Peer 1: 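Pasting a structure here, questions to come.
Residue numbers start at 1 and run along the sequence shown. Below, all heavy atoms of this structure are taken into account, side chains as well, without hydrogens, waters or symmetry copies. Every value quoted in this text rests on a predicted model; they were computed, and no experiment measured them.
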Amino acid sequence: MSSLLEKASSRRSPLEISAMVLIALSFFAFLVFGGEKVVLLLNGLCLAFGLVLVAYKYHWVMVGLWGLATQIMVEVVIWDYSNYVEPSISAGGGVDMLYGDPILFAMLTAMSIKVASGDLRARHVLLRENLWWTIFMGWMVFELARSMMLFGIVSPMGEFRTYFREILIVPYVIIFARSRHDQWRVFQILVGLSLSFIVIGLFRGAYVHNFAFHAYAKWLYQHGSLGLLWGTLAIYLMKQFGFWWRSNTLLAMLIGISMALTIIASHRSVWLAAIVSLFVLFLMGYFRMGTIMKLAFIAMTATILLGLVYEELDLFGYIQERMTALTAPSQDQTASWRFYLWMDAIEQSKAHFLEGKGLGNYFQLRSPTGSIVTAMLHNQYIQLHYQIGIIGLVLYLAFALQTYVRLRRTYVETLDPFYKMTALLSLVVLLGASAYYVAYDFEPFTWLFVSLGLAIAQNHAEEKEAARLYYRAYYAQNRM
């Protein structure tokens, strides 16, 4: 029976399969809802079908929409830092739909169609080259099903899409961004989206915060500030590898403004990610003395300008005070409070060491005052252990290690300058984000850049395999 289904699916195009899925869903909706509701539902299904077609045919559009919906819209719509909640729209029945939900659905469906239609690259991506991602997601599905039995459907699904959806799109970029042209287009889109945080940061600083400069005047939110960091590193490496075709003055201005916004946004987790990323680039030889002097000049110029604009501000004292959380956590109130919550989360996790407490219990933690608070853990690693157990944490670390090895191998082996540049950027982003996750959770731009690097690693692996088969056939023919 299974072989018959495989033969049937192999003879059908992906669009035929998706059309069959739409018909089946429409029929199911008619049976369940009937009457007038089915009209509204069918309209929604048609819209979803259109998004799936876009995701299948124009992957770079979906990558842009994903970055726009999951982070840029947050920066533009949510102005109150104390009320940092991703905007949503009501889908009816008490269910709220985040802006990125339809895009995520379309990307996952398009990816499923590729796998169902027998696409070899899709299967290799999921079952060979990124096997640990697949195993990790398999464990997540198990945890989601287990949590639904404990806490119902809505709460576990809500936590899953809030904290883990960013990592879901990794195979989508690898599977669909196949050619060098496609990958270059995705790279340009990601850099453009990342640098758009400069405009957003300046707008928020002027309109929302009246150019105020203090610890709680967040011109950019933490994830947006991190996205800007990745975009800045991208244009710096474009210059190093000969892909920056505009003026050096513009490059210096973009880097200088980015550095100033990173300081003003005052997210210490982003500073930590920047320190780790720059240190990695230094170890790999991309900060020679001349480059260091140029960057020091840009940093000094940005510092002088900030000092002129904010005469009453002790900039170095401000940076030193904010860095206390990294250098002496016990002396920083926010860091001490988070550390206390981490210890309580670890203590609670001991009773569910292997499988975790599940998704949907909303982090019921005890604060230093003894009261129960519902707050995210501000540590991705402890959060993984808390929610999905040590098994989930180990599986994620295995996936991250596999990603590091593949990116490093591609960077060392490839002779293509674009492949080398992007593999290096993705490698640096992965290591910098690993430091960032000590204080926050998964966010979109890290995994978009890492996914692009893995798409290039996939191409490199396929080219190596093709060369190996060619030379094997060549030597076999010559022996004869």
Peer 1: For the residue pair Y436 and Y440, categorise the inter-ring angle as parallel (less than 30°), tilted (30 to 60°) or perpendicular (more than 60°).
Peer 2: parallel

Peer 1: Show the numbers, then the answer: is there a side-chain contact (heavy atoms from CB on, under 4.5 Å) between L401 and L397?
Peer 2: CA-CA 6 Å; L401 179 61; L397 293 176; over 6 Å; no

Peer 1: Looking at T134 and L126, would you say the former's side chain and the latter's main chain have a donor-acceptor pair under 3.5 Å?
Peer 2: yes

Peer 1: Show the nearest heavy-atom pair for residues V412 and K420, with the distance to one decimal.
Peer 2: O-NZ, 4.0 Å

Peer 1: Measure from NZ or CZ of R185 to the centre of the six-membered ring of W60 and say whether it is under 6.0 Å with the direction within 45° of the ring axis.
Peer 2: yes

Peer 1: Are L108 and L104 packed together at the side-chain level, in the sense that at least one heavy-atom pair is separated by less than 4.5 angstrom?
Peer 2: yes

Peer 1: Take a 6.0 Å sphere around OH of Y381 and say whether it holds more than 12 heavy atoms from other residues, nucleotides or ligands.
Peer 2: yes

Peer 1: On a heavy-atom basis, which atom in F187 and which in M238 lie closest, and how many Å separate them?
Peer 2: CE2-SD, 3.7 Å

Peer 1: In Å and rounded to the nearest 0.5 Å, what is the CG to CG distance from L431 to L407?
Peer 2: 9.0 Å

Peer 1: Give the C-alpha distance, both sets of side-chain angles, the deciding distance and a yes or no for side-chain contact (heavy atoms from CB on, under 4.5 Å) between V270 and L228.
Peer 2: CA-CA 10 Å; V270 179; L228 176 58; over 6 Å; no

Peer 1: For residues A177 and D182, report the shortest heavy-atom separation together with the two atoms involved.
Peer 2: CA-CB, 4.2 Å

Peer 1: Is it true that W447 and F449 have ring centroids separated by less than 6.0 Å?
Peer 2: no

Peer 1: Can you check whether Q458's main-chain N or O pairs, donor with acceptor, with E129's side chain at less than 3.5 Å?
Peer 2: no

Peer 1: Does atom CE of M253 have more than 12 heavy-atom neighbours, drawn from other residues, nucleotides or ligands, at distances under 6.0 Å?
Peer 2: no

Peer 1: How many angstroms lie between atom CE of M140 and atom OG of S147, to the nearest 0.5 angstrom?
Peer 2: 8.0 Å

Peer 1: Any side-chain heavy atom of V186 within less than 4.5 Å of one from I189?
Peer 2: no

Peer 1: I want to know whether F445 and F197 have ring centres closer than 6.0 Å.
Peer 2: yes

Peer 1: Under the criterion ring-ring contact (aromatic ring centres under 6.0 Å, His included), which of Y163, Y396, F160 is the partner of F442?
Peer 2: Y396

Peer 1: Between K114 and A122, which heavy-atom pair has the shortest distance, and what is it?
Peer 2: CB-CB, 4.1 Å

Peer 1: Using side-chain hydrogen bond (donor to acceptor under 3.5 Å, both in side chains), reason through E463 and N459 one step at a time and then give a plain yes or no.
Peer 2: CA-CA 6 Å; E463 290 170 1; N459 279 26; 5.2 Å; no

Peer 1: Taking the six-membered ring for Trp, are F176 and Y56 ring centroids under 6.0 Å apart?
Peer 2: yes

Peer 1: With a cut-off of 6.0 Å (strictly less than), are more than 12 heavy atoms of other residues, nucleotides or ligands near CZ of R180?
Peer 2: yes

Peer 1: Can you tell if the side chain of F203 reaches within under 4.5 Å of the side chain of I200, non-hydrogen atoms only?
Peer 2: no

Peer 1: I'd like to know if the side chain of R128 and the backbone of V125 have a donor-acceptor N/O pair within less than 3.5 Å.
Peer 2: no

Peer 1: Let's go through D101 and F105 carefully: what are the C-alpha distance in whole Å and the side-chain angles of both, what is the deciding distance for side-chain contact (heavy atoms from CB on, under 4.5 Å) to 0.1 Å, and is it a yes or a no?
Peer 2: CA-CA 6 Å; D101 286 348; F105 164 79; over 6 Å; no

Peer 1: In Å and rounded to the nearest 0.5 Å, what is the NZ to OH distance from K357 to Y386?
Peer 2: 3.5 Å

Peer 1: Ring centroids only, cut at 6.0 angstrom: are Y286 and F241 within range, meaning strictly under it?
Peer 2: yes

Peer 1: Is there a side-chain contact between F279 and M284 in this structure, where contact means two heavy atoms from C-beta onward sitting under 4.5 Å apart?
Peer 2: no

Peer 1: Which residues pass the side chain to side chain contact (heavy atoms under 4.5 Å, CB included) test with M157, not counting sequence neighbours?
Peer 2: L144, M148, I153

Peer 1: Below 4.5 Å, heavy atoms only, C-beta onward: do T232 and L254 meet side chain to side chain?
Peer 2: no

Peer 1: Side chains of R268 and W271: closer than 4.5 Å at any heavy-atom pair?
Peer 2: yes

Peer 1: Which atom names give the shortest non-hydrogen contact between G224 and Q71, and what distance separates them?
Peer 2: N-NE2, 3.5 Å

Peer 1: Please walk me through it: do L448 and I169 pass side-chain contact (heavy atoms from CB on, under 4.5 Å)?
Peer 2: CA-CA 8 Å; L448 286 172; I169 58 97; 3.6 Å; yes

Peer 1: Does a donor on one side chain sit under 3.5 Å from an acceptor on the other, for E159 and Q387?
Peer 2: yes

Peer 1: Between the side chain of W342 and the main-chain N/O of L377, is any donor-acceptor distance below 3.5 Å?
Peer 2: yes

Peer 1: Counting C-beta onward and ignoring hydrogens, is there a side-chain heavy-atom pair between T414 and I456 closer than 4.5 Å?
Peer 2: no

Peer 1: Rounded to the nearest 0.5 Å, how far does OG1 of T70 lie from CD of E443?
Peer 2: 9.5 Å

Peer 1: Please give me the minimum heavy-atom distance between M137 and I167, naming the atom from each residue.
Peer 2: CE-CG2, 3.5 Å

Peer 1: Above 12 or not: heavy atoms from other molecules or residues under 6.0 Å from CH2 of W244?
Peer 2: yes

Peer 1: Heavy-atom distance under 4.5 Å between the side chains of L454 and R406, does that happen here?
Peer 2: yes

Peer 1: Indicate yes or no for a side-chain donor-acceptor contact from S225 to the backbone of Y221 under 3.5 Å, with no hydrogens or angles considered.
Peer 2: no

Peer 1: Between the side chain of S434 and the main-chain N/O of L430, is any donor-acceptor distance below 3.5 Å?
Peer 2: yes

Peer 1: Within this structure, what is the CD1-CG distance for the pair I72 and L193, rounded to the nearest 0.5 Å?
Peer 2: 4.5 Å

Peer 1: Using a 6.0 Å distance limit plus a 45 degree cone around the ring axis, check whether R409 lies over the aromatic ring of Y404.
Peer 2: no

Peer 1: Answer yes if the side chains of W230 and T446 hold a donor-acceptor pair under 3.5 Å, and no otherwise.
Peer 2: yes

Peer 1: If only atom types and distance count, is the side chain of N379 paired as donor or acceptor with the main-chain N or O of I382 below 3.5 Å?
Peer 2: yes

Peer 1: Working to the nearest 0.5 Å, report the span between CG of L425 and CD of Q240.
Peer 2: 12.5 Å

